[in-house]
Amino acid sequence: MNTELTNTTSSQINAALVRVRRAAGFPAVGMVLTLVIVTDEGNHYDALKAANDASKEHPSRILVVIRRPGRSPRDRAAARLDAEVRMGGETGTGETVLLRLHGELASHAYSVVLPLLLPDAPVVVWWPEDAPANPSADLLGTLAQRRITDAAATEDPVATLARRAETYAPGDTDLAWTRITPWRSVLAAALDQRHGKISGAVVEGEEYNPSTELLALWLAARLGVPVERAVSDGPGITAVRLDTADGQICLDRPDERLAELAVPGQPDRHVALHRRSTAELIAEELRRLDPDETYHEALCFGLDRLGRPSEQTDAPTDAAAATGRAKGAKRTRQAGGRNAGTAGNDAGSSENPSGPGDDDKPKAVAR
């Protein structure tokens with residue numbers, strides 16, 4: 001059921017929500033949070049579709065803020081609020097309100113959104129693109145317990161991560177971090193088994209992929225060993241190699257779905273590591289509303305403490321001529337990872353020069 005309101009106010013939108021809820025047969029409010037999506041006209045469809053899919057797991061009131069300041073001086077001087085209230089259908093048991101802020105009102109989204117928040121319920125703000133430089137200082141960000149950004153949607157993801165580290169506040173998170181949860185789970189499970197001391201690591205992925213940087217930062221922060229950032233053709237993260245006294249632990253994903261885990265003294269195993277949709281990422285972030293200290297630790301570890309990126313062409317000639325990256329990765333493991341760690345610096349080595357033991361491996365991955 002859809003209700004369109006032109007040149008309206010927040011109080012009229014609240015009244016429309018009550019009417020639509022009663023007409024749809026939902027007199028009680030069964031939503032657990034308010035999700036505010038700040039986007040533009042061109043990107044709101046994909047963001048709303050992902051939020052609606054996530055709301056099946058987390059029933060919520062979704063407020064989509066679409067700023068339309070106008071191009072001409074006359075349009076910019078005007079102020080008008082148009083809204084569309086949706087209930088039922090794709091929204092499930094939740095509610096969706098599209099808020100189009102025209103003219104001068106586009107700069108005052110805080111005043112429009114505040115009366116529409118669910119009472120006594122958490123607030124999450126998500127910027128699919130064009131997030132503010134400091135989300136916690138943004139007026140809409142001050143309303144939220146959680147603030148979700150996406151460094152992968154920016155022109156310079158690595159520089160964006162550096163800014164996120166400078167402006168971090170409890171409650172901040174990024175979808176680039178959410179994307180590596182399966183990788184962290186598999187690596188932590190592999191390190192839970194008995195192994196020799198870890199002396200170094202290599203994380204391989206696309207050059208401008210912030211998830212690759214965050215995975216390397218997480219390993220460097222948790223293991224206290226030099227971590228090299230290697231460059232591949234992707235997609236996304238393609239491999240992680242850990243040098244241990246017993247041999248090399250390698251998690252290699254040549255495609256977007258299936259990875260191969262090689263642990264010294266054990267048969268190789270296949271692990272499902274498919275690239276997840278935005279709806280799955282948002283659903284995961286909505287499962288927890290407390291500050292993510294692990295993300296904070298990895299983000300603020302320091303990108304300059306990682307080894308310099310090495311190009312894929314630096315690999316041995318026989319591996320570079322192979323028809324598939326999977327075969328090349330397997331030969332590298334059989335050769336004992338002779339190229340791993342060559343570009344690593346002394347990140348963390350002054351505190352633990354001999355490498356960590358079992359007590360230094362990642363222990364908590366559940367977020």
Side-chain angles (χ1 to χ4, degrees), residues 1-3 5 8-22 24 26-39 43-44 46-67 81-101 105 108-128 131-132 135-150 169-173 175 178 278-279 281-292:
M1 181 178 297
N2 294 357
T3 300
L5 303 172
T8 186
T9 63
S10 297
S11 60
Q12 292 175 347
I13 295 173
N14 265 323
L17 284 169
V18 175
R19 290 196 306 269
V20 172
R21 191 184 306 122
R22 289 175 177 173
F26 303 128
V29 179
M31 290 157 287
V32 297
L33 58 88
T34 302
L35 175 61
V36 181
I37 305 174
V38 186
T39 182
N43 296 304
H44 85 277
D46 292 336
L48 182 57
K49 186 177 185 304
N52 283 332
D53 292 341
S55 68
K56 296 175 182 178
E57 181 178 342
H58 310 278
S60 55
R61 174 177 289 180
I62 302 173
L63 305 178
V64 185
V65 178
I66 303 173
R67 293 188 172 101
L81 172 62
D82 296 336
E84 182 180 349
V85 178
R86 300 178 182 178
M87 190 172 298
E90 294 182 354
T91 61
T93 58
E95 301 171 343
T96 299
V97 182
L98 273 67
L99 302 169
R100 289 182 170 87
L101 283 60
L105 191 61
H108 302 279
Y110 175 91
S111 301
V112 177
V113 169
L114 183 60
L116 299 176
L117 301 178
L118 289 172
D120 302 323
V123 178
V124 179
V125 179
W126 172 32
W127 292 270
S136 63
D138 184 83
L139 283 178
L140 286 176
T142 60
L143 297 173
Q145 284 75 36
R146 293 281 280 179
R147 295 167 292 274
I148 305 174
T149 57
D150 191 358
D172 289 354
T173 190
L175 293 185
T178 318
T278 305
L281 301 177
I282 291 297
E284 178 184 330
E285 284 300 333
L286 296 181
R287 291 184 197 125
R288 61 173 302 169
L289 300 176
D290 57 315
D292 191 340

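When side chains are defined from C-beta on, Leu48 counts as touching Thr96, because their heavy atoms get closer than 4.5 Å. Side-chain contact between Ile62 and Thr34 is absent, with no heavy atoms from C-beta onward closer than 4.5 Å. You'll find the side chain of Val112 reaches within 4.5 Å of the side chain of Leu101, heavy atoms only. With contacts defined as side-chain heavy-atom distances shorter than 4.5 Å, the pair Asn2/Met87 does not qualify. Side-chain contact between Leu114 and Leu143: present, with at least one pair of heavy atoms (C-beta onward) separated by less than 4.5 Å. Side-chain contact check for Leu81 versus Ile13: some heavy-atom pair is nearer than 4.5 Å. Within the 4.5 Å cutoff, the side chain of Thr39 has heavy atoms near those of the Val64 side chain. The closest side-chain heavy-atom distance from Glu57 to Arg287 is below 4.5 Å.
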Side chain to side chain contact (heavy atoms under 4.5 Å, CB included) for Glu285 and His58? Distances and angles first, verdict last. CA-CA 11 Å; Glu285 284 300 333; His58 310 278; over 6 Å; no

I'd like to know whether Met31 forms a side chain to side chain contact (heavy atoms under 4.5 Å, CB included) with Glu95, so could you lay out the CA-CA distance, the side-chain angles of the two residues, the decisive distance to 0.1 Å, and finally the verdict.
CA-CA 8 Å; Met31 290 157 287; Glu95 301 171 343; 3.4 Å; yes

Next on the checklist: The test is side chain to side chain contact (heavy atoms under 4.5 Å, CB included); show your working for Val113 and Leu117 and say whether it passes.
Outcome noted: CA-CA 7 Å; Val113 169; Leu117 301 178; 3.7 Å; yes

Show your reasoning for whether side chain to side chain contact (heavy atoms under 4.5 Å, CB included) applies to Leu35 and Leu63. CA-CA 6 Å; Leu35 175 61; Leu63 305 178; over 6 Å; no

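Between the side chain of Asn14 and the backbone N or O of Pro115, at least one donor-acceptor pair lies under 3.5 Å. Within the 3.5 Å criterion, the main-chain N or O of Ala169 finds a donor-acceptor partner in the side chain of Asp172. The main-chain N or O of Val124 is never found under 3.5 Å from a side-chain atom of Arg147 such that the two would form a donor-acceptor pair. Judged by distance alone, with hydrogens and angles left aside, the side-chain atoms of Thr8 form no donor-acceptor pair with the main-chain N or O of Leu5 at under 3.5 Å.
A pairwise comparison of heavy atoms in Leu116 and Arg61 identifies O-NH1, 2.8 Å as the closest pair. Of all heavy-atom pairs spanning Ala47 and Pro128, the tightest one is CB-CG, 3.7 Å. Trp127 and Pro135 get closest at one heavy-atom pair: CZ3-CB, 3.8 Å.
For the atom pair Leu105 CG and Arg67 CZ, the distance stands at 10.0 Å (nearest 0.5 Å). Once rounded to the nearest 0.5 Å, the distance linking CG of Leu175 with CD of Glu284 reads 9.5 Å. Going from atom CG of Leu289 over to atom CG of Leu33 covers 6.5 Å, rounded to the nearest 0.5 Å. From Asp290, atom CG reaches atom CZ of Arg146 across 7.0 Å, with rounding to the nearest 0.5 Å. Ile282 contributes atom CD1, which lies 11.5 Å from atom OG of Ser55 (distance to the nearest 0.5 angstrom).
Judged as a side-chain contact (heavy atoms from CB on, under 4.5 Å), and not counting sequence neighbours, the contacts of Ala50 are Trp126, Thr278, Ala279. Evaluation of the side-chain contact (heavy atoms from CB on, under 4.5 Å) rule for Asp46 yields no partner, not counting sequence neighbours.
The one candidate from Leu98, Val38, Val65 that meets the side chain to side chain contact (heavy atoms under 4.5 Å, CB included) condition with His44 is Leu98. Tested against Pro132 for a side chain to side chain contact (heavy atoms under 4.5 Å, CB included), the candidates Leu139, Asp138, Leu140 yield a single pass: Asp138.
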